[in-house]
2 protein chains.
Amino acid sequence: MSTIKDVARVAGVSIATVSRVANNGPKVGDKTRTRVLKVMADIGYTPNANARALVTQKSSTIGVVIPDLTDPFFASLANGVDQIARQHNMQLLLSTGLISAESELQAINVLIERRCDVIVLHSKKIANDDLLKLADKVPGLVLIDRYIEQISHRCIWLDNEEGGRIAARHLMSLEHRDVACISSKYQIDDPLMRLQGFSDELNSANLTIDDELIEYGEPNLQGGEIATQKILAKGKPFSAIFVYNDAMAIGAISTLEDNGFKVPSDISVIGFDDVLLSRYSRPKLTTLHYPIEKMAKKAAFLALQLSNKNVDIDSSSEYKYIPQLVKRESTVFKS
Amino acid sequence: MSTIKDVARVAGVSIATVSRVANNGPKVGDKTRTRVLKVMADIGYTPNANARALVTQKSSTIGVVIPDLTDPFFASLANGVDQIARQHNMQLLLSTGLISAESELQAINVLIERRCDVIVLHSKKIANDDLLKLADKVPGLVLIDRYIEQISHRCIWLDNEEGGRIAARHLMSLEHRDVACISSKYQIDDPLMRLQGFSDELNSANLTIDDELIEYGEPNLQGGEIATQKILAKGKPFSAIFVYNDAMAIGAISTLEDNGFKVPSDISVIGFDDVLLSRYSRPKLTTLHYPIEKMAKKAAFLALQLSNKNVDIDSSSEYKYIPQLVKRESTVFKS
DNA sequence: GTGAAAGCGCTAACAC
DNA sequence: GTGTTAGCGCTTTCAC
């Protein structure tokens, strides 16, 4: 591939001039500029971003770490960051971290090797201490969907506990008293907090969840199916289920109906996340809206600011989002 | 951020030695190696991938151009490429192209600037000639979801026309004679070919589609809703609809039911793509399976081979995929 | 086994 | 307005 030197040679100018033209720099004669531009087009010159990054010390790429792309929730996250990247003429470098601490660490490391100025990190497995070190190393690093007190001004997170409470209040307002729960088998913060909030709110109304009516599974459609089967197998009565996320909730509904239970008339189901799917499932899913795209944009924007030494940040800020109840068709008054 | 020089200085060796250690190179004394490794860890050294790419002339990143991430179809595409990237210890650089030729061109250009060795390009708008030039410039470039004769061995594509034919045969086998079509308003190859095949097959059975029963819309849920409303407004009878993709089909079903038509008992609906959603919609969608993830993997793998000068490729190969009919619940015998 | 040095393609002073 | 030059951080001969 042709380089700046080739252009310079053919156009009969120095490489400095070519560089100026390429960067729309000042002080270049009009005839020179047009001539250089023509040569560039002729020989198909494309500047080498790696070389440029090396000398300018900035790569103009935004790095994102997410577990995987097929989950619509994470796709939305990446999409939010991408939108901010476009606005700033930056590129998205995507690193999938899957679910182990090791692979998350490796994913983030790749981004640092590439000298991403700006990184939005969704990490569930890396220990706080390691995250603190990373944050220290990369000024433009922001955590999404996680909260660490020492770097609270660099965390964009959702109040999962409050989400659990809202779900509980909603179900109680519909007079459900015997509720089951389906949670994620990955014992990370989110499921724990959601369950905690849910349980607390029930308790404060003198209700409790029967431990046997709590099941755990993979946080996807199939996980919801299996967990529901297990709960059903116990043979204990319940009139509503609080499910960890929408995918599991839809899996749960499918299983319930296969077993002769009508949703919502026999059993109400409430999900979490409000992914697109939840608006088009039958019955349409009542769920808690998780404004992930908005949060991702905020995260990218914040990371951009942090990476810019000229802007100073109030390190006491907090970026906590509250999930919103979206009432649709899968929950009704207890019959 | 610390550099190779810092490591060299602290460890009391030359940068060449550090480089050897960093790359697991040969001929380094054991004590030296451990000492250098320790220093690296101590000062938190992370090699600069840009500098490395500059000298080695390879970036070990796979570039992908897709319109956007939120469409599950494209997310699957990106995911397929990502899996191959992981296998080869490469990174995914994602460039979203949206829908204009200009933005697609710009998206691919960013990838070339970054000197991606390997590029999987989903382009609908760029003219054949321009694509040919790009392919010439970047040996590791592969087109997905598009066919250009001159570079047929670098195209991974689906036989959309055959898909249309299969859909037509399926509907005819269920004795539908009056069929409507919903197509994409973006008059690119896919919708045109699908409609063509569909129409041809009907014709060969002496059936025709009433032009008034063909409507065009955005290829998403809402587009399907609007197109269906328009068709309904014509007041012409029909017993089945062939829809451009699953999202539109689900939108169509929702609108049909809102207007008092039962799917499939009153009207059968067949979609295209077989995205995850189609398995969980009610009724479950009959559709044509588009093996996009498999094709994306193939594309990435092929691009990888192409980028490697040591492997030579049979330039007469073709990579045509045939969609498969997936019968679910949204189509039945005409009543 | 280790080091010195050249150079990848580019930008950014600094001269003229 | 244009050219010369010194690196950016790294790999890779080529000596020793």
Side-chain angles (χ1 to χ4, degrees), chain A residues 1-37 39-40 43-61 91 109-117 137-138, chain B residues 1-37 39-40 43-61 91 109-117 137-138:
Chain A
M1 204 160 297
S2 55
T3 76
I4 203 173
K5 281 185 189 168
D6 300 321
V7 179
R9 190 166 25 75
V10 177
V13 295
S14 73
I15 59 165
T17 300
V18 178
S19 174
R20 287 185 191 107
V21 173
N23 295 288
N24 261 308
K27 307 192 195 187
V28 186
D30 270 359
K31 332 96 183 292
T32 318
R33 166 161 272 129
T34 28
R35 183 154 38 95
V36 171
L37 248 17
V39 173
M40 285 180 174
I43 68 177
Y45 169 68
T46 308
N48 184 322
N50 296 124
R52 188 177 274 167
L54 186 56
V55 44
T56 59
Q57 302 278 39
K58 51 217 313 284
S59 66
S60 66
T61 75
Q91 213 49 37
N109 212 43
V110 171
L111 263 24
I112 299 178
E113 286 184 355
R114 291 281 197 297
R115 295 299 186 268
C116 283
D117 316 309
K137 189 168 178 180
V138 184
Chain B
M1 204 162 296
S2 56
T3 76
I4 201 174
K5 282 184 190 168
D6 301 322
V7 179
R9 189 166 25 74
V10 177
V13 295
S14 73
I15 60 166
T17 299
V18 178
S19 174
R20 287 186 190 105
V21 173
N23 295 288
N24 259 308
K27 307 190 192 186
V28 185
D30 271 358
K31 333 100 183 291
T32 318
R33 165 162 273 129
T34 27
R35 182 155 39 97
V36 171
L37 250 16
V39 173
M40 285 181 174
I43 68 177
Y45 169 68
T46 309
N48 184 323
N50 297 123
R52 188 178 275 168
L54 186 57
V55 45
T56 60
Q57 303 277 39
K58 50 213 319 280
S59 66
S60 66
T61 74
Q91 214 46 39
N109 212 43
V110 170
L111 263 26
I112 299 178
E113 286 184 356
R114 291 281 199 296
R115 295 299 184 269
C116 282
D117 317 309
K137 189 169 177 179
V138 185

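Throughout, a chain's letter reflects where its sequence line sits, starting with A, and its residues are numbered from 1. Just the heavy atoms: all of them, side chains too, but no hydrogens, waters or symmetry mates, feed the values below.
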Derivation and outcome, side-chain contact (heavy atoms from CB on, under 4.5 Å), residues V36(B) and R20(B): CA-CA 10 Å; V36(B) 171; R20(B) 287 186 190 105; over 6 Å; no

Derivation and outcome, salt bridge (charged side-chain N to carboxylate O under 4.0 Å, His left out), residues D30(A) and R33(A): CA-CA 5 Å; D30(A) 270 359; R33(A) 166 161 272 129; 5.0 Å; no

Verdict with reasoning, L54(A) to N48(B), per side-chain contact (heavy atoms from CB on, under 4.5 Å): CA-CA 8 Å; L54(A) 186 56; N48(B) 184 323; 4.1 Å; yes

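For the atom pair OG1 of T17(A) and CD1 of I4(A), the computed distance is 9.5 Å after rounding to the nearest 0.5 Å. N23(A) contributes atom CG, which lies 5.0 Å from atom CZ of R52(A) (distance to the nearest 0.5 angstrom). To the nearest 0.5 angstrom, D117(A) atom CG is 7.0 Å from S60(A) atom OG.
The only option from K137(B), R115(B), E113(B), R114(B) that meets the side chain to side chain donor-acceptor pair (under 3.5 Å) definition with T46(A) turns out to be K137(B). Exactly one of I15(B), I43(B), V13(B) qualifies for a side chain to side chain contact (heavy atoms under 4.5 Å, CB included) with V7(B). That residue is I43(B).
Comparing A51(B) and R35(A) by the nucleotide of DNA chain D whose heavy atom lies nearest to each, the residue mapping closer to the 5' end is R35(A).
First and last contacting nucleotides of DNA chain D toward chain A (any atom under 4.0 angstrom from a heavy atom, 5' to 3' order): dG1(D) to dG9(D).
Across A53(B) and S59(B), no two heavy atoms sit closer than the pair CB-CA, 4.1 Å. Of all heavy-atom pairs between S2(A) and G44(A), the closest is OG-O, 3.7 Å.
Taken residue by residue, residues 2-14 of chain B places heavy atoms nearer than 4.0 Å to DNA chain C at V13(B), S14(B). The stretch residues 16-32 of chain A comes close to DNA chain C through A16(A), S19(A), R20(A), N23(A), each having a heavy atom under 4.0 Å from the strand.
Computed from coordinates, the Q57(A) CD to dA12(C) P distance equals 11 Å when rounded to whole Å. Straight-line distance from the CG atom of N50(B) to the P atom of dC10(C): 14 Å, rounded to whole Å.
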